[in-house]
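To start, the structure itself, in structure tokens.
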Amino acid sequence: MPGKQMAIDADLNSGLIDDDEARRRRADVSGEADFYGAMDGASKFVKGDAIAAIIITVVNLLGGFTVGIVQKGLSFSEAMHTYSLLTIGDGLVSQVPALLLSVATGLIVTRATGGTDMGTDLVGQLTRYKQPMRIAGFGALGLCLIPGIPKLPFLLAGGAMMLLSSRHQSAPDTGPEPTAAELALPSPDSVEAIIEDIRVDPLEIELAADLIDLVDKGAGGDLLDRVKSLRRKVATDLGVVVPPVRTRDNLDLPLHTYAIRLFGVEVARGEAPPGTVLAIGDRLDGLVGRPTVEPVFGLAAMWVPAELANRAELLGATVVDRSSVLTTHLAEVVRSYAAQLLGREEVKMLTDAVRRTHPSAVDELTPALLSLGEIQQVLQSLLDESVSIRDLARIFEALSTRARVSKDLDGLVTAARETLGLAVVAPHLRDGTLPVLSFDPSLEQRLLEALRVTEGGGFLALDVELSQALMNDLTARNRQAEEQNISAVLVCAPQVRPAVRRLVATSLPRLPVLSYGELSGPIQIQSVGVVGGQAPVLA
């Protein structure tokens, strides 16, 4: 109880509740204390009375046996029959008034302080709900079936209770009794409710009015289950625990539309018309539907009625249901913004998980060498380039070694990437072969000479013409590779890799940039182009 009082005072002093709310909570705590204190005294009283009744009954029974056998000369069976009946009769005569007295005393003792008199409280508690009165009435009427029991008193008592239960209404046309959770909800104008309204969720899915069936399990909606599976899949692939995704309706959205929000800001929007499926393909002219563009990869597609799904498949199209479209779109958003979703609390949770299996790696790194904030920056940099951070133990070991030399962010990220090695390269392999774009040696030497290192990371101090020529050449060669259905990566020296990544990220955000130090393991290199080999680029 003192702890609850202190909690109320703390909430009042911090402004979370007002004086009226604090007064109401103190009254609840006071009533709870009175009730439990009264129950403690009542239990001791009833316990003593029950023990005394048992002792008296045993004494009467043994004394009767002794008197009957010794003084009256009765046999054992006759003495047991006679004095058992006498003991039971005496017990009934004495214990029925004692029971009534105990009930009355218990009602008085256990009554907590209230705003009304005891009679009103007693009548209200006994007649508030009809179910207890109905059960008691059935019990009284059932006693009439026992042979030897007087039937008239129990018939009258049972009939009266059944009559009261039939006339009494547990809730006079005001709806069901509010649950404990509903009673615990703050009022709309309270500080708690306002704070809840302004709280920003990391991930949200907003659905138009006609898309509610996607989350309605009764209508076959499985979006919520798919989102749960997506969180597990992202955790397995990237090593990031995605926060819970809040799903709600938004009447302001146009029909058929959904929106994905990141920290309260809309970052993606798409459509999922009811009763349709998405057919993805080039030869969709024979279908009836609404042309559209697949939201993730930008492929030509068409929303067609669900009954035409088989026909679309016969035409060579890939048919995707609405929930899959939305889930795939959400997965792309999560992967694109994984670094922003990795907050300080998530880093602390991941660090604690590694400590349970590799305590020395964690204890050596933090807080002696790097703080949680610095570790967070490294992990966010890895996620920015879609590098999985599942192998945190090895990442921490690499950071421990590098942090003793320098704590610059680019150096820490490079050390982590080179330690992961094959795990960085593996997503870009095709049958064990890595298609690469590389810089001409003379151009790469010039990039090394143009590298400038600042507190915010390295950058390339190139003149505008050279920078533009480099990007034009790189874009053209990457487009040629894509036309041949080749997903190439750009490879360069480890010293300039972070700066090159910053340079190409604005124009080619999906182009991976690797360093020579990361190309470890059984990898076959396939050169698909050399950037800057022409003399005009270097002029």
Side-chain angles (χ1 to χ4, degrees), residues 200-284 287-338 340-341 386:
V200 177
D201 294 293
L203 273 175
E204 291 180 87
I205 299 177
E206 293 184 341
L207 303 175
D210 60 339
L211 299 186
I212 304 300
D213 62 299
L214 292 174
V215 296
D216 185 5
K217 292 186 177 181
D222 59 351
L223 179 61
L224 299 180
D225 294 333
R226 289 176 182 249
V227 170
K228 293 178 183 178
S229 300
L230 171 63
R231 295 180 64 205
R232 290 191 292 269
K233 183 68 168 58
V234 172
T236 303
D237 293 344
L238 296 180
V240 178
V241 180
V242 180
V245 181
R246 182 179 181 182
T247 305
R248 62 180 181 180
D249 61 321
N250 185 352
L251 300 180
D252 295 331
L253 286 176
L255 293 179
H256 316 334
T257 305
Y258 65 85
I260 301 175
R261 290 182 174 270
L262 183 75
F263 296 106
V265 178
E266 183 178 322
V267 295
R269 177 176 289 203
E271 292 184 339
T276 64
V277 293
L278 185 66
I280 305 173
D282 297 328
R283 295 174 295 178
L284 303 176
L287 295 176
V288 177
R290 186 172 65 177
T292 185
V293 176
E294 195 274 334
V296 176
F297 303 103
L299 303 175
M302 179 180 291
W303 288 107
V304 300
E307 55 268 18
L308 298 180
N310 293 333
R311 182 179 176 184
E313 291 178 347
L314 293 176
L315 293 176
T318 301
V319 178
V320 185
D321 62 88
R322 296 186 302 147
S323 295
S324 297
V325 171
L326 200 160
T327 307
T328 304
H329 200 175
L330 176 63
E332 180 65 18
V333 170
V334 170
R335 293 178 187 276
S336 300
Y337 296 94
Q340 298 187 30
L341 293 173
S386 300

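Count residues from 1 along the sequence. Keep in mind that what you see is a predicted model, and the values were worked out from it rather than measured.
For the residue pair Val319 and Ala312, the shortest heavy atom distance occurs at CG2-CB, 3.9 Å. Smallest separation of non-hydrogen atoms from Val288 and Pro305: O-CD, 3.2 Å. Scanning all heavy atoms of the two residues, the minimum distance from Ala338 to Leu238 falls at CB-CD1, 4.1 Å. Closest of all the heavy-atom pairs between Pro254 and Ala208 is O-CB, 3.2 Å.
Every residue meeting the side-chain contact (heavy atoms from CB on, under 4.5 Å) condition with Leu315, not counting sequence neighbours, appears here in chain and number order: Leu287. Evaluation of the side-chain contact (heavy atoms from CB on, under 4.5 Å) rule for Leu251 yields Ala209, Asp249 as partners, not counting sequence neighbours. For the side chain to side chain donor-acceptor pair (under 3.5 Å) test, no residue two or more places apart in sequence or in another chain qualifies with Ser386. Contacts of Arg231 classified as side chain to side chain donor-acceptor pair (under 3.5 Å), with partners at least two apart in sequence or in another chain: none. Qualifying salt bridge (Lys or Arg N to Asp or Glu O under 4.0 Å) partners for Glu266, counting only residues two or more places apart in sequence or in other chains: Arg269. The side chain to side chain donor-acceptor pair (under 3.5 Å) search around Glu271 returns Arg290, not counting sequence neighbours. Under the rule for a salt bridge (Lys or Arg N to Asp or Glu O under 4.0 Å), Arg311 has no partner lying at least two apart in sequence or in another chain. Remark: Asp321 engages Arg226 in a salt bridge (Lys or Arg N to Asp or Glu O under 4.0 Å) (not counting sequence neighbours). Legend: residues meeting salt bridge (Lys or Arg N to Asp or Glu O under 4.0 Å) with Arg232, ordered by chain and number and at least two apart, are absent.
Annotation: side chain of Val245 is not in contact with side chain of Leu230 (no heavy-atom distance under 4.5 Å). When side chains are defined from C-beta on, Val325 counts as touching Trp303, because their heavy atoms get closer than 4.5 Å. At least one side-chain heavy atom of Leu223 sits under 4.5 Å from a side-chain heavy atom of Thr327. At a threshold of 4.5 Å between non-hydrogen side-chain atoms, the residues Leu262 and Val333 do not count as touching.
Rounded to the nearest 0.5 Å, atoms CG (Leu203) and CD (Gln340) are 10.5 Å apart. Between Leu278 atom CG and Thr292 atom OG1 the span is 7.0 Å, to the nearest 0.5 Å. Rounded to the nearest 0.5 angstrom, Thr276 OG1 and Leu308 CG are separated by 11.0 Å. In this structure, Leu207 CG and Thr247 OG1 are separated by 6.5 Å, a value rounded to the nearest 0.5 Å. Distance check: Leu284 CG to Met302 CE gives 5.5 Å after rounding to the nearest 0.5 Å. Put simply, CG on Leu211 and OG on Ser323 are 10.0 Å apart, with the number rounded to the nearest 0.5 Å.
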Show me, pair by pair, the donor-acceptor contacts under 3.5 angstrom made by side chains of residues 213-221, not counting sequence neighbours?
from, atom 1, to, atom 2, distance (Å)
Asp213, OD2, Arg322, NH2, 2.3
Asp216, OD1, Gly218, N, 3.1

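For residues 207-240, the set of pairs meeting the ring-ring contact (aromatic ring centres under 6.0 Å, His included) definition, not counting sequence neighbours, is empty. Screening residues 220-258 for ring-ring contact (aromatic ring centres under 6.0 Å, His included) gives Tyr258-His329 as the qualifying pairs, with residues at least two apart or on separate chains.
Judged purely by atom type and a 3.5 angstrom limit, Ser229 uses its side chain to pair as donor or acceptor with the backbone of Asp225. Counting only distance, with no hydrogens or angles, the side chain of Thr328 and the backbone of Leu326 share no donor-acceptor pair below 3.5 Å.
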